[in-house]
Amino acid sequence: MQTTPRRVTIHTLRQMKEKGERIAMLTAYDATFARLLDEAGADVLLVGDSLGMVVQGHDTTLPVTLDEIAYHIRAVVRGARRAHVVGDMPFMSYQASIEQGISNAGKLMKEGGCHSVKLEGGAQHAELVRRLVGAGIPVMGHVGLTPQSFHQLGGFKVQGRDPGGRERLMEDAKALEEAGCYSVVLEAIPADIAREITATLSVPTIGIGAGTGCDGQVLVSYDMLGMDETFKPRFVRRYATLGQTIKDAVSHYVADVRTGAFPSDAESFSVAENKATPTAIEPGFYSTAGKK
Ligand code: KIV
């Protein structure tokens, strides 16, 4: 019998930092991937607005809507049994006002079913974080390269190297912790700055392109699985080359269909066989990702 694993909570993550256990976080956008990443031991699954780039094919994360994030959260929550599921607040879902941010974060929790939300930016969002936490919504912060500010930053660039950059990053991270964030993502910043922030904060830091000194790491799952053979920034380690594996499998399938090698008789149904074994097609005709 399958037992339900204990869900990772924001308290588990805090304890992991205290015990010096590193946190493994990945992005997920659908139930099948969520199940696989969860079963393989990922502690946190982020339904990131990176879905705008890797799923929807946009050049930036800016076009992603709140409804789209909520839709993908619902799928991921169905697939994940143990991992903590974080819903990313998309561009312009919290920047206009605190009320807008509270109402939209509430929507992701209520309609999506995620366990916490993430938002980009530092001290300027401290009051929003305070109000969200006061309303019972756990918040993960995100400083450094904040892709929603792509145009403001002038591209996807390493942050914190300019004069005063180190101090600004530290102040932002501290402001988020003081406001109540349970964790802070540090994206694309020099490793020594990330290490210093990690040593200063009591909440866990999760790095992406931020070196070895963070309490945990996050990667976009499509990147670490090598789905796009043309995309390999320095901070990504490829643990598989699924893009090539998928293309090899599909070209094999296409060849088999063309030659008639697929399907075989064993992969077909006959009237006689169905009578003998009436339950042959069960329980569902297709596999279901969120088998609980
Ligand atoms: O949207 C996303 O995937 C993210 C991670 C890269 C941290 O924000």
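One-based numbering, in listed order, for ligands and for the atoms of each.
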What's the spacing between Q159 CD and K157 NZ if we round to 0.5 Å?
-> 8.5 Å
Hey, is L46 touching ligand 1 through its side chain, its backbone, both or neither, going by heavy atoms under 4.0 Å?
-> side chain
Under a 4.0 Å heavy-atom limit, does H142 contact ligand 1 with its side chain, its backbone, both, or neither?
-> side chain
Have a look at ligand 1 and work out which part of D49, if any, has a heavy atom under 4.0 Å from it: side chain, backbone, both or neither.
-> both
Look at ligand 1 and say whether E120 reaches it with a heavy atom at a distance under 4.0 Å.
-> no
Sub-4.0 Å atoms of ligand 1 with respect to non-hydrogen atoms of G48 | 1 (O), 2 (C), 3 (O)
Side chain to side chain, D248 and T245, heavy atoms closer than 4.5 Å | no
Side chain to side chain, K17 and T198, heavy atoms closer than 4.5 Å | yes
For T27, take its heavy atoms, then give the atoms of ligand 1 lying under 4.0 Å from any of them.
-> 3 (O)
Atoms of ligand 1 close to K118 [distance to a heavy atom under 4.0 angstrom, numbered from 1] = 8 (O)
Indicate yes or no: does D38 engage R81 in a salt bridge with an N to O separation below 4.0 Å.
-> no
Could you see which bit of D88 sits under 4.0 Å from ligand 1, with heavy atoms only: side chain, backbone, both or neither?
-> side chain
Under a 4.0 Å heavy-atom limit, does I208 contact ligand 1 with its side chain, its backbone, both, or neither?
-> side chain
